[in-house]
Structures are given as C-alpha cells and as structure tokens.
Colleague: 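Dropping a structure here in structure tokens format, bear with me for questions.
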Amino acid sequence: MVLHGSIRFEEQLLSYHCNMRGSTIFHIFFFFTFAFLAFFFITVLSVDTLTATQSLGINQTLVSPEEVFEFGFFNESSSRWYLGTWYKDIPDKIVVWVANRDTPLENSKVTLKIGDRGNLVLLNQTGYSIWSSNQTTATNPVLRLLDSGNLILIEANEKNTNNYLWQSFDYPTDTLLPGMKLGWNLDTGVEHRITSWKSQDDPSSGDAYFSLEYHGIPEVFLWNKKERVFRTGPWNGEVFGGVPILNTIAVLNDRVVANEHEVYYIPSTLNQSRLSRLVVNWTGQIQRYAWIESSQSWSKVWFAPAGDCDHYGACGPFGICDSNAFPVCKCIEGFNIKNQQQWDLRNFSDGCARKTKLECGNDKFLHKMNVQLPDTTSVFLDKNMTISECKNMCLKDCSCTAYANAEVTNGGTGCVMWNDTLLDVRQFSESGQDLFVRLAASDVDDSGTGFVGGSGKKKNVGKIAGLVVTVAIVILGVSIFILWKKRKLHSISQGNTEQNVNFDRGQTTLSPVAIFSNNIEHSDERNMDDLELPLVDFNTITMATNFFSSANKLGEGGFGSVYRGRLADGQEIAVKRLSTSSGQGSQEFKNEVRSIAKLQHRNLVRLLGCCTEKDEKMLIYEYMENNSLDSVLFDKSKSSLLHWPMRFYIICGIAKGLLYLHHDSRLKIIHRDLKASNILLDREMNPKISDFGIARIFESDQTQANTKRVVGTYGYMSPEYAMGGFFSVKSDVFSFGVLVLEIISGKKNRGFYSSDDLNLLGYAWRLWKEGSALELIESSFADSYSVSEVLRCIHVGLICVQERAEDRPTMSSVVLMLNSETASMPQPKHPGFVLGRSPSETHSSSVNQVTVTVVDGR
C-alpha cells in the first residue's frame, strides 16, 4: 500500500475495516496497525520535506532542519484558511509568507500536494485547485523548508539547495527576509516587491508596498496606492544614503546588485541577531526588526516614515529638509520661498524658486555637504567618470542643475547629473554625500561652499575691500593697546586669579552656562600634535571679559567661575575659568579638551577654544542667549513661554543630542549628569546638552562600567548607578526619562506630589496606571497641545525610567518612538525611585562600599 496523503489513507483504512467484520483478533491487529501508521505518517510530516507521494493536511506542518521556521495552514479568522510560513516557537505567530493571500479557503478541508506537472497544488474540499505554483520538468520533486524561511521545490536527490525548481522567495508577500531579493529581473520584466496586508487580520494585498526603482541609481520607495511616501535615498555603494541611522544602530551587510540581467536589493541580518525581517506594515510603514534572544522579543530597530523629513518631497522643489531644524524646511542657498503664505502655514509643497537667473557658461556650483541626494529616477549616470569630468559635463549642459559622485566608495566614484528640479533633498549632521548645485556666479563665494546672495561681483569686491581695511585698522589698534597694557594686564590678571579661586566647593548654583567641563575621564594618550582646538591667548580672554569683572560673571561652582565675554569681532562667548584647586595638570587638561573638541552636533554646546597660559586652564564656548532650561521651565513667570510645540521640540532635540553621544559620534560617550540645568537654550530655543564634567568615554565594544565614586545629581541618577556604581547608556536613558517628565509637568523630580510622598516618577506612574496621565501636564499650555503627542511623550518617559536597565530602550529607539504616531511601544514597568526622602538630606553617603557623591548645581 502506497502512503499518498491523509485523506486517501484514512478512506482506504476505513474501507478495509468495513470488509473485515466479526474478528476480535483483527480488531486488535487493526487498532495497532492504524496507530502505528498514523504515528508514522505524522512523524514523516513533522520534518522539513514533503514527497510526491504525500500530502499536507490542516493539522500537519513542515519544520525547517534547525526548527527556525514552520510551514502549514493557519487561519486569521474563524472561517478563512491560508497556507504560509511563520517563525516556529516564537510568541505571537509572525507569518512571513502566504501562498494564497488573495484566495483564502473557506473551511479546513484542504490539501496541499505535489501535482503531476511537478508543481505545488492547493486543493479545496471539492478537489478544485485554489492555488498552484508554476509547472516544472522535475522527475522526482520534493518540497523542502529551509532554515532561511525559503520553501523550495527540488529534485529529491539534489544536495545543492540553490538548484531549485521553484522557491517562495521569488514570490514575497509583506516580508523581506535576509537573502530575499527586492527588485527586477530585466530579462523577464518580473518585479519582486513586498506589499502590506490589508488589515491586521487580513493577509490579502493592501495599499502599501515597498518597491525598488532601478532607473538612475537604485533606490527603494515606499508607496501607498499610487503616491510615493518615502524613499531610502540612492545606493551609494555601501548603504542607502537616506537612512544613515541604520548604520549607527546596526551592523549591516546589505547588498545591491545591478547588471544587465537584474537589479535587486538583498537585506542582511542585523548585528549578531539570528533572526531579522523587513516588513511593510498594514498601517503603511516600512519596519525593520531584530529578534533579541535574551528578552525573547522583537526589537524594532528602524521604521519609516518616522519624522517630517521622511515624507517624500516634504520641502518641495529645491527645498531641503533638516530634522534638527525648526521649521524643518528651508530653501537651498540661492533659492527663495515660492509661496510665503503657505510656508508660514507649514505647507512646503510649493518649494523654492531660483533667486538669480543662470548665465550658462558663467555659472558656479554651491557645494552642499552631508546631504541625501535628490530623487535619481530621471538622471544621467556614468559609473566611470571622475568628479572633475562630471563637473565639466554639467557646465557645458545648460539644463544641468546639479551633479555628484554616484558612489562614495574609494573616496567617491562615478557621475550623476540632474537636469530638472531637485526634489527630496535632506540635510544630515553627519554621513550623506556631497552635492554640487548650479547657481549664478554672483550667488556663490570663491570657495564654492557658501552663498553670497549679492547683486554683482563689483559690489561684493567693494564690500570685501572695505572690510579688509577696517579689520587691518582694528588689528593695528588692538596691537598697540596690548603692548601698552601688557604689564598692567599681568598684574591685574594675577589679582583676579586670587580673587576667583577662593570659593565654597559645596556651593549650589544654577549657572546659565553650565557647560563642558575639563575632566572627562579617559585613558587615551594621544600626541598633542593632533589637537584641533584653537589655543586662545590669555590677554584676549582678559579683554573679552573686561578683566573677569563681576558684572560679566554668570555663575560659579566647584569647577570655577563662568564669565560672559565679547571678542573683538563682536562674537559673544562664555569663558569657563577653572580653579587652581580643581586637581588637574595641564597635560590632562589638554588631553581631555582634545576629546570633547571633536564633538560636533547642533544639540551639543560647541567648544570654541581653550587657554593654558600663566598656569590658567580656561575653556571658551558659544554663548547661549536663553540660559538653561531649568531657569525657564521651573520659573512660573517664564514657563508660559514654553508652549507645548516648543517643549516637544526641546524633548526631541535632547534625544537627538544624546543619540549622537551614544551612537553617532566617533566617541561613545556616557554623559552621567543629564538634567534641566545642563540643557542650554540658544536664541532660537534650540536645546543643547552641556557640562561633560563627569562624562565617560567608552570603547566601541564596551557596554557598561562601574565606579566607586558615584557622581551625579539627586533625582536624575538611575538606581543601578546610585546604588551600585554601574553605569551605561541606559543610565543616561533614565536621566532623559526624568527630564521628559519634568518638561511635560513643569515639576522637579525632587519634589513630592501626593500624600504618599511620591516623587514625580511615582506620581506619573500612578496617573498612568489610573488612566489619568493627562493630569500630569502643566496648566500653562492647557489648550495648545496634541493629546496623542503628549501621551506618547509620557509613555516614552515612563519606559525610560523603568527600574531595570535592560527594560529601558536605547536612544535610537527613543528617537524613533518620539517621531512616530504609529510606533509600537512596550507597556512601562515600575519606575525606579518612586519614593524618596527630602533632598535636604546629606549629599554624601556610602552604599555597599560605594562612595556616593551627589554633585548638584553644576
């Protein structure tokens, strides 16, 4: 008897049983025979292969060799059944492929088998074919499920799984697994794309899809119906240029292959994660997940669209989007806003128009750095040209509007030219590519890196000549004054030094320029020759601060004093003059200055220079006009200035700055003292993280450290750091969560807000559990907020202050969650330190032999 499938097998046994009556021995024999064969049959189908003599029923599955994936029937409703592949032994069944997504089965009487034409055939209860794969010329085909998730038809004796007759990877549904292709077979014209489910419970084809565009430079677009929603930016030889965040939070080996026969993108696994997937969600987002073994959960490492700049063409033609700016859209230099009225309403779709008419043959190029290149679907492309040849070709072509290298490999290779409007350009703080935009010669300075915007060359030359003369006179006058004052300056400065180093080290101040300190802990011993920070002479600083006058003094603390100053060119600065009792030598000071000088981000206070003359150690920073966040946030007379959109903007800015410290900078830095007084606000209310006095630099592969000297600020320190001296990026995440809740509520975490002596964290946690989270918001912006936005921020704040460090998200996840209305977020668990004692208690204690020094008011 041939074993050919569960339905035929059961019918044969039943017929055989009906013809053999009256024998007790037979009944016993029949029972054991049936049990054995049934067990044998189920066992056969529990492996990874289905042969041509078998069929797959409703309660049978194939399992890949290492039990990674499972293939069989599933139902998303009580009546509809589908054939598909999912992850085995992972909670919440994740289906990655569906055979009959648009032709569901109405009941469970279904069978899958290998047909007579060497193909897969799915039959309903009447034996009618609902779905089938393409025909093959196989002589003895078998169906096999691989650990990659690929389902293949292959000859039974074939050992090389790449020699398949048919594979499910050629027919993706909503999910792209590592090894799958997204793109085009140019010989056949067949496209492989992923398309969303129609709804959360309906696998049929939805409206959103992710599709590779191969005209020009390959790049992938997210579509909704016929509208472009998001693009990855062009493939630059290493990654897609528009998603640099993936390079900061994951180690990728993604590939794009382009030749005369096919163009396709193949995703890789993420970091060391065994499982990962890229999916078009039914809500219309593209999402990338990695499986975390330790927590047995999926981590969403990236999704789009996440922020305003992710939306395709957000700033219109010749506009440029910068997610770190407010508003996010501006015109490329050399262009004006086309519709100011719409622009004021935050409708940027009309974009920008050229300021000065081009004069072909006399034009120049504006050099834009760190940008996502414009849409490349209609461009000229030559992979063999040099950038110089590309420039010359663009100059000769009067319709050419911009050019760039096609790839970033080998220092930049190939040529891409635009002959139309520049659309969907995006500015990054780092990464991105160089773009050369064609402008009228009068609108570009000689270096090509700046916009002049004048009315003509002669006028500009005249202005420059006058400026040179003025500067020369000023320099001459200052030089004479310095020579005349030299002896007097020396004696005065010594007197000021004595007056300013004697202060109470325990004094608490809220300095409006509580900025970078000079004692970042780091063991790096680099040569002094690579110092990239200007050394400013003592006399220049003395004059700028009016001889360190008390009228210019902004604050002081254990580190020394901070003074406001004005340089000869009018630039305002903040000077941090360290005390002689700060315990550091000049070499350590210079080594540490070298480290923080390389931090460049719009949400970090910028270090301009330093001074080490006359046994002084001084740091010079940009001046922040609006002082520190706490001076506004906790002042009832000023807090009303912080309406909700501004508070949300500040929260997002702090998150981006912290993400830069943890992931994006070449140094992995743990701040350890993030708090409201260390967030400074510039003239446009841009938040900037400051005061790196107790920061730590980690090696790239270092995840945490511990110390016996715990320093920080009461109310912001994470439990594991305060109690055990352990700190990591998750310590900063805790502090960020506290700061978010303070910004929302306008309350300090050091206060108590209920009869149970709950601090702000405990109070917010109680309101969240009671479903009354909106009661946390400050009354001053009562009617100006978005309910969903505030709730999302409270949610983020609470998951950041969870007691266990491993439960807290990374800052990359925080930035994604803050910028998405549809991001899935875990439910928060109990926060750390919901009960507290009076902040007036002693600032030093010993816990488990760890010395705790709480530094406040830095």
Side-chain angles (χ1 to χ4, degrees), residues 213 215-217 219-224 226-234 240-242 304-305 307-360 363-381 390 394-395 397-404 406 416-428 432-444 448 450-453:
E213 174 61 62
H215 296 95
I217 305 177
E219 52 185 326
V220 187
F221 287 83
L222 176 64
W223 297 74
N224 196 314
K226 295 183 179 181
E227 180 183 355
R228 286 174 173 168
V229 176
F230 164 81
R231 73 183 181 107
T232 61
F240 288 115
D308 292 335
C309 290
D310 280 343
H311 291 278
Y312 178 77
C315 298
F318 298 109
I320 185 167
C321 198
D322 184 352
S323 59
N324 291 320
F326 185 79
V328 295
C329 287
K330 63 180 180 180
C331 291
I332 296 175
E333 292 90 333
F335 295 83
N336 283 327
I337 296 170
K338 200 169 184 179
N339 188 331
Q340 185 65 56
Q341 185 177 3
Q342 291 297 319
W343 201 276
D344 292 339
L345 297 173
R346 300 295 181 261
N347 181 352
F348 310 109
S349 58
D350 286 342
C352 308
R354 195 177 293 278
K355 287 184 177 181
T356 307
K357 187 177 180 180
L358 297 176
E359 297 180 10
C360 190
D363 302 325
K364 290 186 177 181
F365 292 98
L366 174 73
H367 184 185
K368 295 291 295 179
M369 294 178 284
N370 303 122
V371 300
Q372 170 184 282
L373 297 184
D375 187 333
T376 65
T377 52
S378 300
V379 296
F380 166 83
L381 176 65
C390 192
C394 187
L395 272 176
D397 183 354
C398 296
S399 65
C400 177
T401 52
Y403 72 93
V416 56
M417 290 187 346
W418 289 261
N419 290 85
D420 204 343
T421 56
L422 306 181
L423 188 62
D424 203 39
V425 186
R426 185 169 179 178
Q427 183 71 59
F428 298 117
Q433 291 180 240
D434 291 347
L435 176 67
F436 298 88
V437 181
R438 190 180 202 133
L439 294 179
S442 60
D443 288 345
V444 185
F451 170 67
V452 175

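Predicted, not measured: the structure shown is a model, and the values here were computed from it.
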Colleague: What is the minimum heavy-atom distance between R231 and P374, and which atoms define it?
Modeller: NH2-C, 3.1 Å
Colleague: Should H215 and V379 be marked as a side-chain contact (heavy atoms from CB on, under 4.5 Å) after you check the CA-CA gap, both sets of side-chain angles, and the distance that decides it?
Modeller: CA-CA 8 Å; H215 296 95; V379 296; over 6 Å; no
Colleague: Considering all heavy atoms of both residues, which atom of L373 and which atom of D434 are nearest to each other, and what is their separation?
Modeller: CD2-O, 4.0 Å
Colleague: Just how far is it from atom CD1 of I320 to atom SG of C329, taken to the nearest 0.5 Å?
Modeller: 10.0 Å
Colleague: Keeping E219 on the side-chain end and T376 on the backbone end, is there a donor-acceptor pair under 3.5 Å?
Modeller: yes
Colleague: Taking Q427 for the side chain and Q372 for the main chain, is one N or O donor matched with an acceptor at less than 3.5 Å?
Modeller: no
Colleague: Say whether, by atom type as modelled, one donor and one acceptor occur between the side chain of D363 and the main chain of E359 under 3.5 angstrom.
Modeller: yes
Colleague: Quick check on Q340: does its CD atom have over 12 non-hydrogen neighbours (other residues, nucleotides or ligands) under 6.0 Å away?
Modeller: yes
Colleague: For residues Y403 and W418, establish whether the separation of their ring centroids is below 6.0 Å.
Modeller: no
Colleague: At their closest point, which heavy atom of C331 faces which heavy atom of W343, and how far apart are they?
Modeller: SG-CH2, 4.3 Å
Colleague: First locate atom CE of M417, then atom CG of L381, and finally report the distance between them rounded to the nearest 0.5 Å.
Modeller: 10.5 Å
Colleague: What do the steps show when you test F348 against I337 for side-chain contact (heavy atoms from CB on, under 4.5 Å), and what is the final call?
Modeller: CA-CA 9 Å; F348 310 109; I337 296 170; over 6 Å; no
Colleague: Of all the heavy-atom pairs spanning A440 and K357, show the shortest one and how long it is.
Modeller: CB-O, 3.8 Å
Colleague: Does any N or O in the side chain of R438 come within less than 3.5 Å of the main-chain N or O of C394, such that one atom is a donor and the other an acceptor?
Modeller: yes
Colleague: Under the side-chain contact (heavy atoms from CB on, under 4.5 Å) test against V437, which residue among V444, L422, T401, V371 passes?
Modeller: L422
Colleague: Do NZ/NE/NH1/NH2 and the carboxylate oxygens of D375 and R228 come within less than 4.0 Å?
Modeller: yes
Colleague: I need the K368 NZ to L435 CG distance, nearest 0.5 Å.
Modeller: 8.5 Å
Colleague: So D420 and S378, side-chain contact (heavy atoms from CB on, under 4.5 Å) or not? Walk me through it.
Modeller: CA-CA 8 Å; D420 204 343; S378 300; over 6 Å; no
Colleague: Over 60° means perpendicular and under 30° means parallel, so tell me whether F221 and Y312 are parallel, tilted or perpendicular.
Modeller: perpendicular
Colleague: Could you grab the distance from atom CD of E213 to atom OG1 of T232, nearest 0.5 Å is fine?
Modeller: 11.0 Å
Colleague: Kindly write out the residues that satisfy side-chain hydrogen bond (donor to acceptor under 3.5 Å, both in side chains) with D397, not counting sequence neighbours, or none if the list is empty.
Modeller: S399, N419
Colleague: Is any NZ, NE, NH1 or NH2 atom of the basic residue among K355 and D443 found under 4.0 Å from an Asp or Glu carboxylate oxygen of the other?
Modeller: no
Colleague: Could you work out, with ring-ring contact (aromatic ring centres under 6.0 Å, His included) as the rule, every residue matching F318, not counting sequence neighbours?
Modeller: F335
Colleague: Can you tell me how far the CG atom of D344 sits from the CG atom of N339, to the nearest 0.5 Å?
Modeller: 9.0 Å
Colleague: Quick check for you: to the nearest 0.5 Å, what is the distance between F428 atom CZ and M369 atom CE?
Modeller: 15.5 Å
Colleague: Considering all heavy atoms of both residues, which atom of P305 and which atom of V229 are nearest to each other, and what is their separation?
Modeller: CG-CG1, 4.0 Å
Colleague: Between C315 and C321, does a disulfide bond (SG atoms under 2.5 Å apart) hold up when you go through it step by step?
Modeller: CA-CA 6 Å; C315 298; C321 198; 3.8 Å; no
Colleague: What heavy-atom pair brings D350 and K338 nearest, and what distance separates the two atoms?
Modeller: O-CD, 3.5 Å
Colleague: Would you confirm whether R426, through its side chain, and G233, through its main-chain N or O, come within 3.5 Å as a donor-acceptor pair?
Modeller: no
